[in-house]
Amino acid sequence: MPQRTYIKEIFKSIQGEAEYVGYEQIFVRFIGCNIKCNYCDTDIDRCEEVTVYKNWDSKDYKTLRNPLDSAGLIKIIKELDAEERVHSISLTGGEPLINIDFLKEFLPEFKKVCSTKVFLETNGILHEELHSIAKYVDIVSMDLKLASYLRNRENFIPQHSEFLNECIENNIATYVKIVLDDNFSLEELNNYLDVVEPYKHKVNVYIQPMMDGDKMLISSQKLKLAFDCCREININVRIIPQIHKMLCLN
Ligand code: SF4
C-alpha cells in the first residue's frame, strides 16, 4: 500500500523569510508538529481536505480529499508548475519530518520526474529522520527553538547540534533562523549560538523579529544586542522580518 499523508494546503507564492526571501516556491504545508511554540501562528490541525491555491493570492483554489499519496502530490505540483520555473518546492508545516514514512516514498519519486530543488523548512530537531532522506534535500531552513519560546520549555540544543551536523555532512545548503521577541536572555541566546559556531563559515544566521500584525514584539535595543551576540563570535548574521505578510500573500 502506498504511504499517504494529510496536507493542509499547497500553494505557489513568494518565500517570505531569511536567505531565499523573494524567490517563488511551491509550498506544501503538512499538518502536525512535534513541539509547541508559544508564538505558533500556523493552522496545522488535521483536515479532511487539502486546499490547492493556483496563484499567489487566495482567490483561485480547489479542494481535494485527504490523505494524498506520492503520485497525487506530484500531480498537483506539476499542475501548479508544469514548466518547472519555481525556485524550489518548500516542504513546510507544521513539521514536515514527522511525515517521514511518506517523505521516504515521495522524495525519490519526485526526484525521478522533477528537477526542481527540494527546500525543507524545519524546527531542526528530528535529525534521524533527516538522515534517512538527506540525499533528496537540497536546501534546509533550520530554526533554533529557544526554550523560552516553547510551552514545555524543553532544551533541544543537543538535537539542534546533531541536526546541523547532519545537514553539513550531507552537503545540504543550510541556514539557521531564530525568531525573537523581548523574552529571551543573552545567556540563553549565546548557548544556542554555540550550535552554529562550529559551522559559521558555511551557515548564515537570520534573526526574525516576532510580530503581532504590523507591530514588532522586540525592541530595537534587544534586537541590536542579539545581532551583536552573533557578530562577537563572527557568525554571518542578518535581520530580516517576514515579508509575505506585508505583501498580503499566503
Ligand atoms: S515548530 Fe513551527 S509549526 Fe511547530 S509549533 Fe513551532 S512554529 Fe508551530
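Remember, it's 1-based here, ligands and their atoms both numbered in the order they're listed.
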Ignoring hydrogens, what is the shortest heavy-atom contact between His160 and Asn123? Give both atom names and the distance.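 Taking His160 first and Asn123 second, the nearest heavy atoms are CE1-O, 3.0 Å.
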Thr42 and ligand 1 - part of the residue with a heavy-atom distance under 4.0 Å: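 Neither; nothing of Thr42 gets under 4.0 Å from ligand 1.
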Suppose I only count heavy atoms of [X] and a 4.0 Å limit; which atoms of ligand 1 are within that range?
{"X": "Ile35", "value": "1 (S), 5 (S)"}
{"X": "Lys145", "value": "1 (S), 6 (Fe), 7 (S)"}
{"X": "Gly94", "value": "3 (S)"}
{"X": "Asn123", "value": "1 (S)"}

I'd like to know if atom 8 (Fe) of ligand 1 has an N/O/S atom from Cys33 within less than 2.8 Å of it, counting both backbone and side-chain atoms.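 Here the distance criterion (N, O or S atom, under 2.8 Å) is not met by Cys33, so no.
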Looking at the rings of Tyr23 and His87, which for Trp means the six-membered one, are their centres under 6.0 Å apart?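 Yes, ring centres under 6.0 Å apart.
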Got an N, O or S from Cys37 under 2.8 Å of atom 6 (Fe) of ligand 1?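 It does; at least one qualifying atom falls short of 2.8 Å.
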What residue and atom, counting heavy atoms only, is the protein's closest point to atom 8 (Fe) of ligand 1, and at what distance?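 For atom 8 (Fe) of ligand 1, the nearest protein heavy atom is Cys40 SG, 2.3 Å.
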Identified side chain to side chain donor-acceptor pair (under 3.5 Å) counterpart of Ser141 within the set Tyr206, Tyr20, Tyr175: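 For Ser141, the side chain to side chain donor-acceptor pair (under 3.5 Å) check succeeds only for Tyr175.
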Would you call Phe11 and Arg29 a side-chain contact if the rule is heavy atoms closer than 4.5 Å?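 When only atoms from C-beta onward are counted, Arg29 and Phe11 do touch, with a gap below 4.5 Å.
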Is Lys222 positioned over the aromatic face of Phe184, cation under 6.0 angstrom from the ring centre and no more than 45 degrees off axis?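 Yes, Lys222 lies over the aromatic ring of Phe184.
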Gap between atom CD1 of Ile239 and atom CZ of Phe227 - 0.5 Å precision: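 Those atoms lie 5.5 Å apart.
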